[in-house]
Engineer: 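Submitted below is the structure of interest, expressed as structure tokens.
Note that this is a predicted model, so its numbers are computed, not measured. Reminder, nothing fancy here: chain letters follow the sequence lines and each chain counts from 1.
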Amino acid sequence: MVIVELVSEPFRYIAESVRRDLSKELSIPENDLKIEIPPRYELGDIAIPLHAVSKKLGSSPEHIYDTIKDKLLRNKYIESVSLSSGYLDIWINTQELSKITFHAIEELKDLYGVVRTNNPKRYVVEYVSANPVHPLHIGSGRNAALGIAISSMLKLRGHEVITRFYINDMGRQVAIMVLGFMLLGMPDPPEGVKEDHWIGYIYASTNTIIEIIQLKKKLEKLKEEDPEEYREKLKILDELIADASRLSSKFPSVFDTLVQKLSKIEDPEAEISKLMISYEKASDPQVVKAFRKAVDLCIAGFKKTLETLGAHFDYWDYESDLAWEGVVEQVIQAARSSRYFSYYKGAPALVFDEILKERGIREELRLPKTLEIPPLILMRSDETTLYTVRDIGYSVKKFSETGADYVINIIASEQTLPQAQLRLALYALGFKREASNLIHYSYEMVMLPGQRMSGRRGRYVTLDEVIDMTINKSSEILSGRGVKASEDIAKVIAVSAIKYALASVSPSKQIVFRVEEVLNLERNSAPYIMYTYARASSILNKAESIPPLNEVDFKAGAEGRRRQLLIEISRAPTELTKAIDELKTEDIASMLNRISDLFNSWYQEDQVIRDPDPGARAYKLHLVRGVRQVLAKGLMALGIKPLERI
RNA sequence: GGGCCCGUAGCUCAGCCAGGAUAGAGCGCCGGCCUUCUAAGCCGGCGGUCCGGGGUUCAAAUCCCCGCGGGCCCGCCA
């Protein structure tokens, strides 16, 4: 029987043992010794740069190396050491490493791969929260992919996660949509049209028609007054008309009705404001009914798409409920009696200049160092509230209702400023803990090649379209391989591919969305990793059982790709855990891809089940199980469900 | 005008925060591999002024400064 200590991070365990030895030998603090992973396997498993150390000790790396070499080799986890380019390169003894690693996987089973936190927290993750005026587009897709991944990651780490979707039904955009919706007689979607697509159509049409009407009025004046601006505006009109004709061709009679009814309205702006006031004050039951019906239609469509994606929400919060419950009023009252209350441009506002002078406040609230933060205006002159103010109330609710330690808002980077104002406002109103524990997880926009998406003009790629296209592609490949194309499997694969594509890029990077890229289901994609996982599973199924550790020949992993795989498997828990704590979805993706590449190369050159040597065969089976386990963990961290067969 | 983010191979990206070893992947392109545990696979090849210029350093894709290019924000919109 092999007796080894149970450790959840085998590689790290050894690396730290090495560092401890080195620190003792050199009589320098462990923290001065950096543990690095060499850029290539040939250079060793662990590298400790001696450049800085040598400077500190006043002796050359060569001399240091000569002093410690023999002493380090007494550590049973060290196979060999060498010095190159000022690095102490260390090769780990793979017999020892595989003992520890295989033992850990044997004992920890499904838990191997992510270290459970011993300090569990309660997180609220708010994500998607798309305006209910058009279908979810590919930008919401990025948000959803990140939200799914982050929720999954935190749960795997042992935290509690509560997910929320904020239904922003009080914005101007919704009022525009509702205006069209009411003029049309609150129609249900036609046969075969998904609810959110229908609402999106009404919104884009209403908005475009209103813009055309207003622009035409303006043009009449400009024609004589300012010929130059006239020509410019004419261009915009052309664009609008192009959008209008595209929209019109979809549902001509609906569009015509809107054109007729909207042309009769004297002042559409006033009409929209009236609707907003009426809804916020819940003063007209007809209006409330119309808003809720339209919004709920849209949300029903969202839910279908989100269900397909695997995004689940514990709470669906209507912004209007918040207003009606008086939460927003309370915020405004509190703000008015706050010492930071003042008037800005004649409007009641919270002014942050004084808070921003407090020392360390920017670090505390994670505000960009030099971002100028203007006052937060509390209400419009018609006394209706503003989004960020309502969000103050919502933030407090997110913390208090479920007793959350942290709230993570997954929101596009274009909202950096309002999110900063939000934290400052919370701080100003005395919610200091909330302000410091509110995390804006920011991501850059998704662009379409050559243009920005525009919901207002109905110019977007919907998530539904992308999902359908990817499912088709996936089915094609499945049937091309003679596999009975189960629709479910095609769907799982397609959705995984999309989530991976959107969560594997750093959020700070803008994405130019090209469908072809998501449709590429080869290397560096979720299907590729899932395929690799299924391969590993298949080997284990065929082997029927995994031999006990005492039948393993631990010398079998001494070199080549087996050795590399062992290193990867032993390192995975540390890597995954770190990625989770840093909320870095992209790091998980790259680890998965790297291990898959390695496994597939090995797969090609080395037989597992057919190995005639039982000790080596046993070793390899443990290796395959390890690969399978870390791939499963990583995929699950991204919210992707591994499949046993593809 | 001010601020934030980004700029690495034809294209999409990793590496940058915590500076160090010949800058890594994928797509695309060229050439090979299916009587063998799943070919959504594997092997080989081509491909790079790390946007430009200064500076700090023994050492810069990485840190600092100045530019250039792209995106976003600076509203009683969200």
Engineer: At under 4.0 Å between heavy atoms, what does A/Glu522 touch on the DNA or RNA strands: base, sugar-phosphate, or nothing?
Structural biologist: sugar-phosphate
Engineer: Suppose we screen for side-chain contact (heavy atoms from CB on, under 4.5 Å). Which residues come up paired with A/Leu643, at least two apart in sequence or across chains?
Structural biologist: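 Expected list: A/Ile489, A/Val492, A/Ile493, A/Met530, A/Ile646.
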Engineer: Using a 4.0 Å heavy-atom cut-off across all strands, classify A/Ile609 as base, sugar-phosphate, or nothing.
Structural biologist: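 Counting heavy atoms under 4.0 Å across all strands, the contact made by A/Ile609 includes a base.
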Engineer: Using a cut-off of less than 4.0 Å, is there contact between a side-chain N or O of A/Arg172 and OP1 or OP2 of B/C76?
Structural biologist: no
Engineer: At 4.0 Å (heavy atoms only), tell me whether A/Ser504 reaches a base, stays on the sugar-phosphate, or touches nothing.
Structural biologist: nothing
Engineer: Using a heavy-atom cut-off of under 4.0 Å over every strand shown, decide if A/Gly171 touches base, sugar-phosphate, or nothing.
Structural biologist: sugar-phosphate
Engineer: If you take any heavy atom closer than 4.0 Å to RNA chain B, which residues from residues 416-425 of chain A end up in contact?
Structural biologist: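 Within residues 416-425 of chain A, the residues near RNA chain B are A/Leu417, A/Pro418.
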Engineer: Which of the following nucleotides, B/A40, B/A21, B/C76, is nearest to the side chain of A/Ile377?
Structural biologist: B/C76
Engineer: Look at the side chain of A/Lys345 and decide which nucleotide, out of B/G41, B/A21, B/G75, has an atom nearest to it.
Structural biologist: B/G75
Engineer: For A/His51 and B/A59, are the ring centres under 5.5 Å apart with planes inclined under 30°?
Structural biologist: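 Here A/His51 fails the 5.5 Å or the 30° condition.
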Engineer: Look at the side chain of A/Glu444 and decide which nucleotide, out of B/A40, B/U12, B/G71, has an atom nearest to it.
Structural biologist: B/G71
Engineer: Output the single nucleotide from B/A40, B/G15, B/C37 whose closest atom is nearest the side chain of A/Leu521.
Structural biologist: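 The listed nucleotide nearest to A/Leu521's side chain is B/A40.
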Engineer: Heavy atoms under 4.0 Å, any strand shown: does A/Leu378 hit a base, just sugar-phosphate, or nothing?
Structural biologist: nothing
Engineer: All N/O contacts under 3.5 Å from nucleotides 43-48 of chain B to the protein, with atom names and distances to one decimal?
Structural biologist:
| from | atom 1 | to | atom 2 | distance (Å) |
| --- | --- | --- | --- | --- |
| B/C43 | OP1 | A/Ser601 | OG | 2.6 |

Engineer: Just checking, is any N or O donor in the side chain of A/Asp89 or A/Ser84 under 3.5 Å from an acceptor N or O on the other one?
Structural biologist: yes
Engineer: Using a 4.0 Å heavy-atom cut-off across all strands, classify A/Asn541 as base, sugar-phosphate, or nothing.
Structural biologist: nothing
Engineer: Could you tell me whether the phosphate oxygens of B/A78, OP1 or OP2, come under 4.0 Å of any side-chain nitrogen or oxygen in A/Arg390?
Structural biologist: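 Yes, because at least one side-chain N or O of A/Arg390 sits under 4.0 Å from OP1 or OP2 of B/A78.
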Engineer: Would A/Lys578 and A/Glu575 count as a salt bridge (charged side-chain N to carboxylate O under 4.0 Å, His left out) here? Give the steps.
Structural biologist: CA-CA 5 Å; A/Lys578 179 168 183 267; A/Glu575 234 179 312; over 6 Å; no
Engineer: May I ask you to say what A/Pro49 touches in the nucleic acid, namely base, sugar-phosphate or nothing, with a heavy-atom cut-off under 4.0 Å?
Structural biologist: nothing
Engineer: Of the listed nucleotides (B/A40, B/C72, B/U12), which one gets closest to any side-chain atom of A/Glu414?
Structural biologist: B/C72
Engineer: Quantified in whole Å, what is the C1' atom distance between nucleotide B/U56 and nucleotide B/C66?
Structural biologist: 15 Å
Engineer: Under 4.0 angstrom, heavy atoms only, what part of the nucleic acid is A/Asp606 near: base, sugar-phosphate, or nothing?
Structural biologist: base
Engineer: With respect to the phosphate group of B/G24, does any side-chain polar atom (N or O) of A/Tyr41 fall under 4.0 Å of OP1 or OP2?
Structural biologist: no
Engineer: Provide, to the nearest angstrom, the distance between the CD1 atom belonging to A/Ile511 and the P atom belonging to B/C13.
Structural biologist: 7 Å
Engineer: Decide yes or no, distance alone: a donor-acceptor N/O pair under 3.5 angstrom between the base of B/C76 and the side-chain of A/Ser381.
Structural biologist: yes
Engineer: Considering every strand and a 4.0 Å limit on heavy-atom distances, what is the contact class for A/Arg645: base, sugar-phosphate, or nothing?
Structural biologist: base
Engineer: What is the nucleic acid contact for A/Ser508, judged by heavy atoms within less than 4.0 Å: base, sugar-phosphate only, or nothing?
Structural biologist: sugar-phosphate
Engineer: Below 4.0 angstrom from OP1 or OP2 of B/C4, is there any side-chain N or O of A/Thr370?
Structural biologist: yes
Engineer: Categorize A/Lys34 for me: base, sugar-phosphate, or nothing, with a 4.0 angstrom heavy-atom threshold over every strand shown.
Structural biologist: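 The answer is sugar-phosphate, as A/Lys34 gets under 4.0 Å only of primed atoms, P, OP1 or OP2.
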Engineer: Would A/Tyr528 count as stacked on B/G41 if the rule is ring centres under 5.5 Å and plane angle under 30°?
Structural biologist: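 Stacking between A/Tyr528 and B/G41: absent.
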Engineer: Counting only side-chain nitrogens and oxygens, does A/Arg380 get under 4.0 Å of the OP1 or OP2 atom of B/A78?
Structural biologist: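 A/Arg380 to B/A78 OP1/OP2: side-chain N or O found under 4.0 Å.
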Engineer: Would you say the side chains of A/Tyr533 and A/Glu644 form a donor-acceptor pair under 3.5 Å?
Structural biologist: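 Judged by distance alone, the side chains do pair up.
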Engineer: Considering every strand and a 4.0 Å limit on heavy-atom distances, what is the contact class for A/Ala47: base, sugar-phosphate, or nothing?
Structural biologist: base
